[in-house]
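Written out below as C-alpha cells is the structure these notes cover.
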Amino acid sequence: MSRKVVRASKFRHVFGQAVKTDQCYDDIRISQMTWDSNFCSVNPKFVAMIVDASGGGAFLVLPLSKTGRIDMSQPTVCGHTGPVLDIEFCPHNDNIIASGSEDCSVMIWEIPEGGLVTPLKDPVVKLEGHSKRVGILSWHPTAHNVLMSAGCDNVVILWNVACGEAVVRIDSIHPDLIYSACWNRDGSQILTSCKDKSLRVLDPRKGTVIFEREKTHEGSRPVKAVFVSDGKILSTGFSRMSERQVALWDPKSFGEPLTLQELDTSSGVLLPFYDPDTGIVYLCGKGDSSIRYFEVTDEAPYVHYLSMYSSKESQKGMGYMPKRGLEINKCEIARFYKLHERKCEPIVMTVPRKSDLFQEDLYPDTMSPEPSVEADEWFQGKEGKPIVVSLKDGFVTTTKSKEFKVHKSLLKTTTPSSGHHDNSGKVQSLQEEVKTLKEALEELTKRVSEIESKM
C-alpha cells in the first residue's frame with residue numbers, strides 16, 4: 001500500500017487576509033467599463049484606480065495612507081476625452097503613471113508628492129499613434145522611459161516617452177484583437193496573446209516573431225499570458241466547453257503544453273500575476289470572489305496548486321504591489337488591492353513564521369527601481385540586465401528616484417535653430433520655476449498663519 005506524500009514547499013501554508021475596514025478606501029465609484037484589464041495600479045507611494053466619470057475618462061490617485069471614506073470632491077486625473085481602459089505606474093519613478101483610453105491616446109502624468117490637490121488635466125506627454133482605443137500598457141522593466149502600448153487596431157507600439165516618439169511599430173503580426181502583452185524579466189522579449197488563439201514571443205526592437213503557438217486554448221474567450229521562470233510561459237484561457245484553464249508552455253518546444261489544468265466553469269477572465277522571487281503565480285478572475293495561487297517549479301506537474309483566498313464580494317479589478325512596498329517583518333509575500341463596486345480593499349498574503357528575524361529564503365534580492373539602461377541605448381540594441389536590491393533592512397533607495405525628464409525641444413516638430421533661442425528657453429523655464437516656488441511659499445505662509453490663528 002503506497003502512502004501519498006505531500007510535496008514539500010515553504011509556501012504550502014500561505015494564507016490571504018483582507019485588512020480591517022478602516023484600512024480600505026471607501027466610497028469610490030469604480031469604472032463600469034467591460035474591459036479585461038486590472039483597473040488598478042499600485043506602488044509604495046500611491047494607489048490608482050479607474051473611476052466612473054461623466055464626459056470623458058478619469059482615474060483616482062491616492063497616497064497609500066489616505067484610507068477610509070474618500071470624499072466625492074477628491075480631485076482626479078481627468079485629461080482623457082474617452083473612458084480610461086488601463087493605467088500603470090512607472091517602475092523607475094513612483095510619481096509617473098501612464099494611462100490608455102478609448103480616445104486612442106496614451107498619456108503620461110506626473111503625480112505631485114502627497115497626491116493631487118486639484119484635478120490634473122494636462123499630461124506631461126501625450127502619445128498619439130493608435131487609430132483605435134488603447135487597452136494595454138506596460139513599462140519596460142529595466143530600460144528608462146520605454147513604454148509599450150497595444151490597441152484595438154491590432155498594433156503594438158514601443159514609445160520613447162522622453163521625446164514622445166513611437167520608435168517601433170509592430171502592425172503586421174496580429175490579425176485580430178490583442179488580449180495581452182507583457183515583457184520578460186530583462187525586457188528582451190515581448191509575449192502577446194491574440195483573438196486568433198495564438199501566443200507569440202516577439203523581438204521588441206525588430207518587431208519579428210521568435211516563437212509562435214496556435215490554438216493554445218480552444219475556447220473563444222480571452223487568453224492572458226505571462227513569462228515565468230527560465231523563459232517559460234503561463235497562460236490562462238478557456239476550453240471548447242468554456243471551462244477555465246491554466247497551462248504552462250516551453251517556447252523552445254511549443255508543440256504540447258508542459259501541463260494543462262482545468263479549473264472550473266466560471267466565465268470571468270483569469271488575470272495572472274507572477275512573482276519571480278517566490279515562483280508563485282496568483283490567478284484573479286474578473287467577477288470572481290477568490291484568488292487562487294500556484295507554485296511554478298521545474299518538476300512535473302510544474303504548476304502546483306497551493307491554496308485559495310475566498311471572500312463574499314466579487315472583484316472588478318486588482319492591483320499588485322511591487323515587492324519593495326511590502327511589510328517584510330510580517331512575512332508578507334504579496335499584497336493585492338481588490339476593487340469592489342464602491343471601494344478598494346487591500347488583501348495581504350502571508351507565510352506563517354514564528355521568528356521576527358529577516359527570512360532570507362522568502363526574500364531573495366528583488367528588482368530595484370533603478371533602470372539599467374536609457375531608452376536611446378536600449379533602442380539601439382544595448383541590453384539592460386535587471387538591477388537587484390536586498391530587502392534585508394527594509395527597502396531603502398540608495399539612489400534618488402529616477403527623475404522624469406521630457407525633452408521639450410524633441411516633442412515639438414521644430415527645434416530652435418540658434419543657440420540664442422536655446423538660452424531664452426532656459427531663462428523661461430527658470431522664470432517658471434521661480435514663479436512656482438513663489439506660489440508654494442505664499443501657500444505655505446498662508447497655512448502657517450491659519451495654524452497660528454487657531455492656536
Side-chain angles (χ1 to χ4, degrees), residues 33-39 85-86 132-133 135-136 150-154 156 173-182 190-202 209-228 231-274 280-297 300-310 314-318:
M33 288 296 295
T34 50
W35 186 254
D36 295 317
S37 71
N38 301 348
F39 280 23
L85 299 177
D86 198 14
K132 289 188 179 175
R133 60 186 179 170
I136 299 166
C152 293
D153 49 6
N154 314 335
V156 174
I173 286 173
H174 301 95
D176 214 328
L177 184 66
I178 300 165
Y179 284 142
S180 73
C182 69
I190 289 172
L191 168 64
T192 65
S193 63
C194 180
K195 198 174 179 179
D196 67 353
K197 301 181 186 176
S198 292
L199 286 181
R200 294 176 178 87
V201 177
L202 312 177
V209 178
I210 305 170
F211 304 111
E212 183 172 358
R213 173 67 162 85
E214 296 174 356
K215 293 198 175 173
T216 46
H217 296 273
E218 295 283 346
S220 55
R221 302 273 293 127
V223 172
K224 298 279 183 182
V226 288
F227 279 109
V228 293
K232 294 188 180 73
I233 291 167
L234 184 128
S235 64
T236 63
F238 293 79
S239 70
R240 198 182 274 119
M241 304 300 289
S242 293
E243 293 168 305
R244 290 201 293 197
Q245 298 174 322
V246 58
L248 189 72
W249 308 85
D250 185 349
K252 295 179 186 74
S253 53
F254 235 162
E256 287 298 314
L258 296 171
T259 179
L260 191 147
Q261 301 175 24
E262 290 185 345
L263 302 175
D264 55 25
T265 53
S266 295
S267 60
V269 175
L270 287 166
L271 307 173
F273 296 91
Y274 177 68
I280 296 178
V281 66
Y282 302 87
L283 303 184
C284 310
K286 273 223 154 176
D288 286 14
S289 54
S290 61
I291 301 171
R292 285 185 177 85
Y293 37 106
F294 299 78
E295 189 175 358
V296 181
T297 67
Y302 304 107
V303 180
H304 309 271
Y305 175 74
L306 289 171
S307 188
M308 180 163 69
Y309 163 80
S310 295
S314 63
Q315 56 227 20
K316 293 180 69 66
M318 197 67 82

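Numbers here are sequence positions counted from 1.
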Query raised in the report: Is the backbone N or O of Ser290 less than 3.5 Å from a side-chain atom of Gln315, with the two atoms forming a donor-acceptor pair by type?
Result: yes
Query raised in the report: Do side-chain atoms of Lys224 reach the backbone of Ser193 as a donor and acceptor pair under 3.5 angstrom?
Result: no
**Report entry** Test side chain to side chain donor-acceptor pair (under 3.5 Å) applied to His217 and Gln245, step by step
**Finding:** CA-CA 8 Å; His217 296 273; Gln245 298 174 322; 2.8 Å; yes
Report task. Can you establish whether the number of heavy atoms outside Lys195 located under 6.0 Å from its atom NZ is more than 12? Result -> no
Report task. Would you check, one step at a time, whether the test side chain to side chain contact (heavy atoms under 4.5 Å, CB included) holds for His174 with Leu202? Result -> CA-CA 11 Å; His174 301 95; Leu202 312 177; 4.1 Å; yes
If every non-hydrogen atom of [X] is compared with every non-hydrogen atom of [Y], which pair is closest and at what distance?
X	Y	result
Gly135	Asp86	O-CB, 3.4 Å
Glu262	Ser239	OE2-CB, 3.9 Å
Val223	Thr216	CG1-OG1, 4.4 Å

Side-chain donor-acceptor distances from residues 246-261 under 3.5 Å, at least two apart:
from, atom 1, to, atom 2, distance (Å)
Trp249, NE1, Ser235, OG, 2.9
Asp250, OD1, Lys252, N, 3.2
Gln261, NE2, Val303, O, 2.7

I'd like to check [X] versus [Y] (side-chain heavy atoms, cut-off strictly below 4.5 Å). Are they in contact?
X	Y	answer
Leu283	Phe294	yes
Val201	Val209	no
Arg133	Asp153	no
Met318	Phe39	no

Query - Partners passing ring pair (Phe, Tyr, Trp, His ring centres under 6.0 Å) against Tyr309 (at least two apart in sequence or in another chain) - result: none
Donor-acceptor pairs under 3.5 angstrom involving side-chain atoms of residues 265-272: please list them, not counting sequence neighbours.
none

**Report entry** Lys/Arg-Asp/Glu bridge criterion (N-O < 4.0 Å) met for Arg292, Asp264
**Finding:** yes
Report task. Identify whether the distance between the nearest side-chain nitrogen and carboxylate oxygen of Arg244 and Asp288 falls below 4.0 Å. Result -> yes
